[in-house]
Amino acid sequence: MSAASRAGQIAAHLNYPSGLLQDQVAIITGSAQGIGAEVAKAFAREGAKVVISDVDAAKANAIAKEINNSGGSALAVPGDLLNDSYITTLVKAAAEFGNGKIHIIINNAGFTWDAVIHKTSDKQWDTILALHCSVPFKITRAAAPYFRVKDGEPRNIINISSTSGLHGNAGQANYAMAKAGVTGFTKTIAKEWGPAFGVRANTVAFGHIQTRLTAAKEAGAAAVLPDGTKVALGIPSAQAAAKAGGAADKAPTYPDIPLGRPGTAEEAAKAVLAVASPLFSYVSGQTISVTGGRNI
Ligand SMILES: NC(=O)c1ccc[n+]([C@@H]2O[C@H](COP(=O)([O-])OP(=O)(O)OC[C@H]3O[C@@H](n4cnc5c(N)ncnc54)[C@H](O)[C@@H]3O)[C@@H](O)[C@H]2O)c1
């Protein structure tokens, strides 16, 4: 076979949709924008019924509408994951949407609230630990009846981590602790629910992915806590430029990333899709780094 026709075959194989997740019901938290929104779209293209869970109701509804208008199947269930009763609502709504089944949970919702250790408040600490560790635990616990089943259908839980969790990051003690925590939780799910029920659980750890979390702080994005506290998101431009290996007025070179560039949210989502797909059917309990090679 010529190289050209082999490339054609591969391209055809990669064409959407190919039904990798046909009829599977997936809860994706934090899916109103950024990586989660791309995961929802990628999963829907593969035939999944996706549940858009996000505190930003307007954006959650817009993503669900976009998916439904393009032939996919999505349900927006907006709410704040820091509110326990919303977690109950979310799992119930997902099970109803799935006619009694939930196959996939992507614990993706999150944000950063940075400070050096000696200036980190209890509130900063508790909020980030709650959102990145307690919430994935509570969703998984609430969804246990839909995962501890023997119906011969695949079940997958993917927890989203970060290079900060795997390697630490100055200024992110809370986030690093939380993102390290989910790796242990993931492995525990794999060991508890793998043997009898075939549930796969994996962690996907991102490096620098282009979303509002890594955009210029000056752009003004913010997360709003239940008590109204506003947490500014993004990275100050000067700090980002220094890390990217150049001055603010020069093109960045990203010397710490072997691929020499940040990843897109779409690329991040494709990695999550790969892990959730049957192509990874014998992979469980792992932490997969999606970093362009950073930290090798
Ligand atoms: N962007 C990166 O470089 C990067 C790197 C490593 C890890 N991550 C992780 O990837 C995940 C997605 O981040 P992103 O970059 O796409 O960010 P994003 O801000 O674009 O999207 C995160 C989504 O989570 C939602 N969310 C936040 N708090 C919530 C709450 N209490 N209840 C419900 N929804 C809530 C937000 O509204 C937002 O829509 C996060 O867990 C983040 O920590 C991102």
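For the single chain, residues carry numbers from 1 onward in sequence order. Remember, it's 1-based here, ligands and their atoms both numbered in the order they're listed.
By the criterion of a heavy-atom distance under 4.0 Å, the side chain of Leu213, and not its backbone, is placed next to ligand 1. Contact annotation: for Lys179 versus ligand 1, heavy atoms closer than 4.0 Å belong to the side chain alone. Contacts with ligand 1 closer than 4.0 Å are made by no heavy atom of Ala265, backbone or side chain. The proximity of Thr214 to ligand 1, defined as any non-hydrogen pair under 4.0 Å, is limited to the side chain. Residue Asp80 touches ligand 1 through backbone and side chain together, judged by heavy-atom distances below 4.0 Å. Contact annotation: for Lys59 versus ligand 1, there are no heavy atoms closer than 4.0 Å. Only the side chain of Ile160 comes within contact range of ligand 1, with a heavy atom under 4.0 Å; no backbone atom does. Neither the backbone nor the side chain of Thr29 comes within contact range of ligand 1; no heavy atom lies under 4.0 Å.
The heavy atom nearest to atom 22 (C) of ligand 1, out of those in Ala57, Gly110, Ala109, is found in Gly110. Looking at Thr112, Asp56, Ile35, Asp54, it is Asp54 that brings a heavy atom closest to atom 37 (O) of ligand 1. Within the set Gln33, Gln210, His208, Glu38, the minimum heavy-atom distance to atom 21 (O) of ligand 1 is found for Gln33.
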*CA sep, side-chain torsions, deciding dist, call: Arg261, Glu267, salt bridge (Lys or Arg N to Asp or Glu O under 4.0 Å)*: CA-CA 12 Å; Arg261 62 177 178 85; Glu267 286 178 300; 2.8 Å; yes

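Checked against a 6.0 Å centroid threshold, the rings of His103 and Phe147 do not count as neighbours.
Assignment of Pro262 to the shell around ligand 1 is not supported, since no heavy atom sits closer than 4.0 Å. Residue contacts with ligand 1 do not include Ala60, since none of its heavy atoms lies under 4.0 Å from the ligand.
Between Lys92 and Glu96, at least one side-chain nitrogen of the basic residue sits less than 4.0 Å from a carboxylate oxygen of the acidic one, meeting the salt-bridge criterion. Ion pair Lys101/Asp151 flagged as a salt bridge, since at least one NZ, NE, NH1 or NH2 atom sits closer than 4.0 Å to an Asp/Glu carboxylate oxygen. At a threshold of 4.0 Å, the pair Asp114-Lys119 does not count as salt-bridged, since none of the basic side-chain nitrogens sits closer than that to a carboxylate oxygen. A salt bridge links Lys138 with Asp84: the distance from a Lys NZ or Arg NE/NH1/NH2 to an Asp or Glu carboxylate oxygen falls below 4.0 Å. Between Lys41 and Glu38 there is a salt bridge, with a side-chain nitrogen of the basic residue lying less than 4.0 Å from a carboxylate oxygen of the acidic one.
The distance criterion of under 3.5 Å between nitrogen or oxygen atoms is met by Gly207 with respect to ligand 1. At under 3.5 Å, a nitrogen or oxygen of Arg212, whether backbone or side chain, sits near a nitrogen or oxygen of ligand 1. Considering backbone and side-chain atoms together, Ile209 places an N or O closer than 3.5 Å to an N or O of ligand 1.
Atoms of ligand 1 found under 4.0 Å from any heavy atom of Ser162 (numbered from 1 in listed order, with element): 6 (C), 7 (C). Close approach to Gly79 involves these atoms of ligand 1, each under 4.0 Å from a residue heavy atom: 32 (N), 33 (C). Taking every heavy atom of Tyr175 and a limit of under 4.0 angstrom, the matching atoms of ligand 1 come to 6 (C), 7 (C), 8 (N), 9 (C), 42 (C), 43 (O).
Two residues are said to be in side-chain contact when any heavy atoms from C-beta on lie closer than 4.5 Å; Trp193 and Ile157 meet this criterion. Counting heavy atoms from C-beta outward, Ser31 and Ile63 have side chains that stay 4.5 Å or more apart. Two residues are said to be in side-chain contact when any heavy atoms from C-beta on lie closer than 4.5 Å; Thr203 and Ile158 fail this criterion.
In Ile117, the CD1 atom is not crowded: 12 or fewer heavy atoms of neighbouring residues, nucleotides or ligands sit closer than 6.0 Å.
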